[in-house]
Number of protein chains: 2
Amino acid sequence: MTDPRQTPMAQALREAGYKLTQPRLAVLQVLEENDAGLDPEAIYDRGKLIYPSLGLVTVYRTLDLLAELGLVRRVHSMHNCHNYASARTDRHYLICESCHRVIEFPCRGLEELMESVRQQTGYTINAHLLELSGLCPECQKRLAT
Amino acid sequence: MTDPRQTPMAQALREAGYKLTQPRLAVLQVLEENDAGLDPEAIYDRGKLIYPSLGLVTVYRTLDLLAELGLVRRVHSMHNCHNYASARTDRHYLICESCHRVIEFPCRGLEELMESVRQQTGYTINAHLLELSGLCPECQKRLAT
DNA sequence: CAACGTATTGAAAAAATATTTCAATACGTT
DNA sequence: AACGTATTGAAATATTTTTTCAATACGTTG
């Protein structure tokens with residue numbers, strides 16, 4: 001029951017000088033209620049339940065805006081690369097190959113690896129995306145029968 | 001100067017029961033000559049230099065086919081998620097945020113991390129995609145001026 | 001090595017996805 | 001409460017991908 005205008009994403013938008021319009025708040029709410037795995041069309045459908053006159057164009061525009069501010073990020077997978085999730089700089093996803101559910105997991109232990117890549121290639125490294133895919137426990141059971 | 005019909009990808013296609021047609025061989029050759037980072041349109045353009053009557057549809061179809069056989073895989077990045085590269089199961093990409101060049105790097109040290117995720121989530125893990133982004137040495141220089 | 005049956009092809013059409021344009025509207029400031 | 005401007009949705013446009021289908025090339029068989 002938190003005020004939609006007080007969420008971190010809403011705050012960040014306001015601080016960046018953008019208006020907190022109803023369409024934008026609807027998109028934000030959808031993103032917050034569904035941590036990962038919605039594509040623009042799905043966000044649009046759910047957003048319309050919150051703000052019925054929402055337009056698909058605005059969903060695209062809002063996602064672009066949020067992506068530019070680093071608040072949202074695409075979740076990629078073999079099957080789909082148009083899903084968005086509320087995002088920090090670095091992301092770690094675990095994707096079920098059967099039901100395509102996406103969850104996040106804590107990620108530790110990449111620092112060393114990145115340091116060695118840095119040394120070997122001369123690249124600076126600003127962000128990373130680690131995506132693991134396999135089967136979730138439910139699908140393992142379901143497919144075991 | 002290797003026989004295009006003897007490359008590992010061509011062999012795998014043949015073994016899976018598919019015909020080694022000229023259009024397919026052209027697509028394979030393009031993929032082999034450009035290790036990462038071409039989208040279907042770019043593959044089409046280059047493929048036509050090899051086999052001029054190549055159709056874009058065939059590029060899509062061949063990529064689907066190769067992806068299904070696990071021979072090719074999309075390279076995802078913040079800006080683009082339609083690039084294909086010849087692929088093993090596990091991939092590690094390093095992407096320059098400025099020139100969008102994609103290189104691969106050897107990846108060691110993920111095993112531990114994956115084992116801990118496996119234990120914490122109950123997921124099985126079959127594949128991984130690790131994408132690092134930053135600036136390549138050239139762009140670092142260029143932007144430093 | 002010629003002829004055959006079928007998988008594969010390219011072009012065109014259709015579908016899906018994304019972007020641009022623009023007049024009308026809602027935001028937040030004053 | 002009224003104003004100026006950023007933002008909106010609809011329509012038009014552009015881009016990307018998939019489907020359909022008759023024509024063709026593959027690789028097998030005789």
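- Across all their heavy atoms, B:Tyr44 and B:Gly55 have their closest contact at CE1-C, 3.5 Å.
- A pairwise comparison of heavy atoms in B:Ile125 and B:Met114 identifies CD1-O, 3.7 Å as the closest pair.
- Protein atom CG of A:Leu56 is 9 Å distant from nucleotide atom C1' of C:dT17, rounded to whole Å.
- Proximity of residues 48-55 of chain B to DNA chain C (heavy atom under 4.0 angstrom from any strand atom) is restricted to B:Tyr51, B:Ser53, B:Leu54, B:Gly55.
- In terms of the side chain to side chain contact (heavy atoms under 4.5 Å, CB included) criterion, residue partners of B:Ala12 (sequence neighbours excluded) are, by chain and number, B:Leu71.
- Checked by atom type and distance alone, the side chain of B:Gln140 pairs as donor or acceptor with a backbone atom of A:Gly122 at under 3.5 Å.
- Rounded to a whole Å, the CD atom of B:Glu68 is 12 Å from the P atom of D:dT18.
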Might you list the N or O atoms of the protein lying below 3.5 Å from N or O atoms in nucleotides 19-21 of chain D, with each pair's distance?
none

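- For the pair A:Leu25 CG and D:dT8 C1', the interatomic distance rounds to 14 Å; values are reported in whole Å.
- In this model, the phosphate group of C:dT19 is not approached by any side-chain N or O of A:Tyr60 to a distance below 4.0 Å at OP1 or OP2.
- Whole-Å rounding puts the B:Leu65 CG to D:dT17 C1' distance at 17 Å.
- The nearest whole Å value for the distance from the CG atom in A:Leu63 to the C1' atom in D:dT8 is 15 Å.
- Rounding to whole angstrom units, CD of residue B:Glu41 and P of D:dT18 are separated by 14 Å.
- Contact of the B:Leu130 side chain with the A:Leu113 side chain is registered, since non-hydrogen atoms from C-beta on lie closer than 4.5 Å.
- Residues that satisfy the side chain to side chain contact (heavy atoms under 4.5 Å, CB included) test with B:Leu20, not counting sequence neighbours, are B:Arg5, B:Ala10, B:Leu13, B:Arg14, B:Leu25.
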Give me, pair by pair, the N or O atoms of the protein and of nucleotides 26-30 of chain D that are less than 3.5 Å apart, along with how far apart they are.
from   : atom 1 : to      : atom 2 : distance (Å)
D:dC26 : O2     : B:Lys19 : NZ     : 2.9
D:dG27 : OP1    : B:Leu20 : N      : 2.9
D:dG27 : OP2    : B:Arg5  : NH2    : 3.3

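- Partners of A:Lys19 according to the side-chain hydrogen bond (donor to acceptor under 3.5 Å, both in side chains) rule, which considers only residues two or more places apart in sequence or in another chain, do not exist here.
- Helical stems of DNA chain C (runs of at least 3 Watson-Crick or G-U pairs, donor-acceptor distances under 3.5 Å) are listed by first residue: C:1-30 with D:1-30.
- At the phosphate of C:dA26, neither OP1 nor OP2 sits under 4.0 Å from any side-chain N or O atom of A:Arg24.
- Note: CG (B:Asp39) to C1' (D:dT17) measures 13 Å, nearest angstrom.
- When the side-chain hydrogen bond (donor to acceptor under 3.5 Å, both in side chains) test is applied to B:Tyr18, no partner is found at least two apart in sequence or on another chain.
- Rounded to an integer number of Å, the gap from CG of A:Leu66 to P of D:dT7 is 12 Å.
- When hydrophobic clusters are built by joining Ile, Leu, Val, Met, Phe, Trp and Tyr residues whose side-chain heavy atoms come closer than 4.5 Å, directly or via intermediates, B:Val57 is not grouped with B:Val30.
- Under the side-chain hydrogen bond (donor to acceptor under 3.5 Å, both in side chains) criterion, A:Gln6 pairs with A:Gln11, not counting sequence neighbours.
- Linking ILVMFWY residues whenever their side-chain heavy atoms come closer than 4.5 Å, directly or via other members, leaves A:Ile43 and A:Leu49 in distinct clusters.
- With sequence neighbours excluded, the residues that form a side chain to side chain contact (heavy atoms under 4.5 Å, CB included) with A:Glu115 are A:Arg118, A:Gln119.
- Partners of B:Tyr60 under the side chain to side chain contact (heavy atoms under 4.5 Å, CB included) rule, at least two apart in sequence or in another chain, are B:Pro40, B:Leu56.
- Judged as a side-chain hydrogen bond (donor to acceptor under 3.5 Å, both in side chains), and not counting sequence neighbours, the contacts of B:Arg46 are B:Asn34.
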